[in-house]
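Below: the structure, in structure tokens.
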Amino acid sequence: MAKSLLLWLRHVLEAEHQSRDMPRYFLRHEDFRTDWRRHLNHAADETGVIWPAPCSQSDIEIEKFLNEALHHERASIEELRNHPDITPLIRIAYQILRSMAVDGESRELRAQMDLVRTIFNESCDVLAIATAEAEHLRGELRARILDHEAVVRTHHAIVRAHHELSLECDAMVRDRDAFLAERNALLASRSWRWTAPLRWVRGPFVHRT
């Protein structure tokens with residue numbers, strides 16, 4: 001909603017300023033719905049517009065089109081003043097345009113619109129600088145995120161490589177243990193000796209007296 005309100009303010013400020021040298025007629029939407037015949041006639045008088053067909057011939061079609069039941073979005077002036085998203089600058093511009101529609105244009109009202117446009121343009125310049133800075137920070141943030149993702153991918157690759165090396169080390173330890181067991185068994189078999197049985201030989205015993 002905030003963006004839509006800013007777009008509205010930009011459009012009405014430019015439309016009012018750029019059309020000052022042209023015949024024009026300010027008309028409130030609610031007045032057009034309630035008394036369109038009078039306002040169309042006034043608009044024709046102020047601008048020199050000649051409608052392609054007399055109103056009497058178009059009344060039926062216009063009445064079908066301007067059906068109050070089709071008016072869905074409704075807001076009072078009090079709601080406009082108290083809505084938190086509507087800034088003072090937007091309220092002032094809207095009030096000036098309503099005054100132009102009710103009381104007609106004046107040099108004072110145009111000067112007020114000029115002041116609103118100047119303030120809004122200066123605010124947009126500040127906003128543009130802030131937006132550019134924010135975009136720069138967003139770019140840096142995206143770069144940091146990409147760097148972080150690269151670090152995470154590298155970390156995962158290192159973890160996988162470490163796991164694979166651990167598996168290889170475990171296999172090498174098992175092979176070493178098997179080799180040592182085989183070597184120990186071989187050494188044991190070589191150090192084994194056959195021992196011949198001992199025989200006792202009994203010689204003659206000579207008894208001397």
Side-chain angles (χ1 to χ4, degrees), residues 1-139 142:
M1 182 174 180
K3 179 180 179 181
S4 298
L5 290 170
L6 290 176
L7 288 174
W8 173 86
L9 182 58
R10 171 56 67 195
H11 291 165
V12 297
L13 288 175
E14 294 303 321
E16 190 280 325
H17 181 70
Q18 298 297 332
S19 63
R20 285 183 179 181
D21 296 331
M22 307 175 187
R24 61 185 185 176
Y25 179 72
F26 289 88
L27 171 64
R28 297 187 303 176
H29 185 254
E30 56 267 32
D31 294 337
F32 182 66
R33 294 196 322 272
T34 56
D35 193 2
W36 61 267
R37 291 181 181 85
R38 181 171 69 88
H39 286 288
L40 283 182
N41 290 332
H42 285 177
D45 293 339
E46 292 292 332
T47 62
V49 171
I50 299 175
W51 302 118
C55 290
S56 58
Q57 299 179 12
S58 308
D59 284 0
I60 297 177
E61 295 299 323
I62 294 175
E63 289 290 350
K64 290 180 181 179
F65 180 74
L66 295 177
N67 188 337
E68 278 293 311
L70 299 178
H71 184 206
H72 302 295
E73 301 296 333
R74 299 173 183 268
S76 65
I77 297 299
E78 270 316 300
E79 290 173 331
L80 174 69
R81 290 171 180 164
N82 298 326
H83 198 287
D85 290 335
I86 298 179
T87 64
L89 204 62
I90 293 174
R91 293 192 187 97
I92 293 171
Y94 185 71
Q95 187 58 49
I96 294 172
L97 291 171
R98 286 179 62 87
S99 297
M100 287 181 171
V102 174
D103 302 323
E105 297 186 61
S106 67
R107 181 176 299 178
E108 181 182 358
L109 291 176
R110 288 187 178 186
Q112 293 177 14
M113 287 296 287
D114 288 339
L115 179 60
V116 171
R117 190 175 65 259
T118 299
I119 295 174
F120 185 56
N121 288 340
E122 292 175 352
S123 301
C124 287
D125 291 339
V126 174
L127 181 62
I129 295 174
T131 301
E133 180 64 22
E135 185 61 31
H136 175 70
L137 292 176
R138 280 194 293 268
R142 286 192 293 267

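The basis for the numbers below is simple: all heavy atoms, side chains too, and nothing from hydrogens, waters or symmetry mates. This structure is a prediction, so every number in the text was calculated from the model and none was measured.
The closest side-chain heavy-atom distance from Leu40 to Phe32 is below 4.5 Å. Gln112 is not listed as a side-chain neighbour of Ser99, based on a closest heavy-atom distance of 4.5 Å or more. By the 4.5 Å heavy-atom criterion applied to side chains, Arg110 and Glu105 are counted as neighbours. Residues Glu16 and Arg24 are in side-chain contact: their nearest non-hydrogen atoms beyond the backbone lie under 4.5 Å apart. Residues Leu5 and Thr87 are not in side-chain contact: their nearest non-hydrogen atoms beyond the backbone lie 4.5 Å or more apart. Between Thr47 and Met22, the closest side-chain pair of non-hydrogen atoms is not below 4.5 Å. Taking 4.5 Å as the limit, some side-chain heavy atom of Arg28 sits within range of a side-chain heavy atom of Val102. Here the side chains of Asp103 and Arg98 are not in contact, with every heavy-atom distance at 4.5 Å or above.
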**Report entry** Derivation and outcome, side-chain contact (heavy atoms from CB on, under 4.5 Å), residues Met113 and Ile92
**Finding:** CA-CA 9 Å; Met113 287 296 287; Ile92 293 171; over 6 Å; no

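Between Tyr25 and His39, the two ring planes are tilted [angle within 30° to 60°].
Taking all atoms of both residues into account, the shortest heavy-atom contact from Leu27 to Asp31 is CD1-CB, 4.2 Å. Contact record, Phe26 with Ala101: CB-CA, 3.6 Å, taken as the closest heavy-atom pair. For the pair Glu46 and Pro23, the tightest heavy-atom approach, listed with the atom from each and the gap, is O-CB, 3.8 Å. Scanning both residues, Arg20 and Arg117, for their nearest heavy atoms gives NH2-NH1, 4.2 Å.
Interatomic distance, CD of Glu30 versus CG of Asp35, reported as 12.5 Å (0.5 Å rounding). Atoms CD1 and CG, on Ile90 and Leu6 in that order, are 5.5 Å from each other to the nearest 0.5 Å. Rounded to the nearest 0.5 angstrom, Asp114 CG and Leu13 CG are separated by 9.5 Å. Going from atom CG of Leu109 over to atom CE of Met100 covers 5.0 Å, rounded to the nearest 0.5 Å.
In Glu108, the CD atom is not crowded: 12 or fewer heavy atoms of neighbouring residues, nucleotides or ligands sit closer than 6.0 Å.
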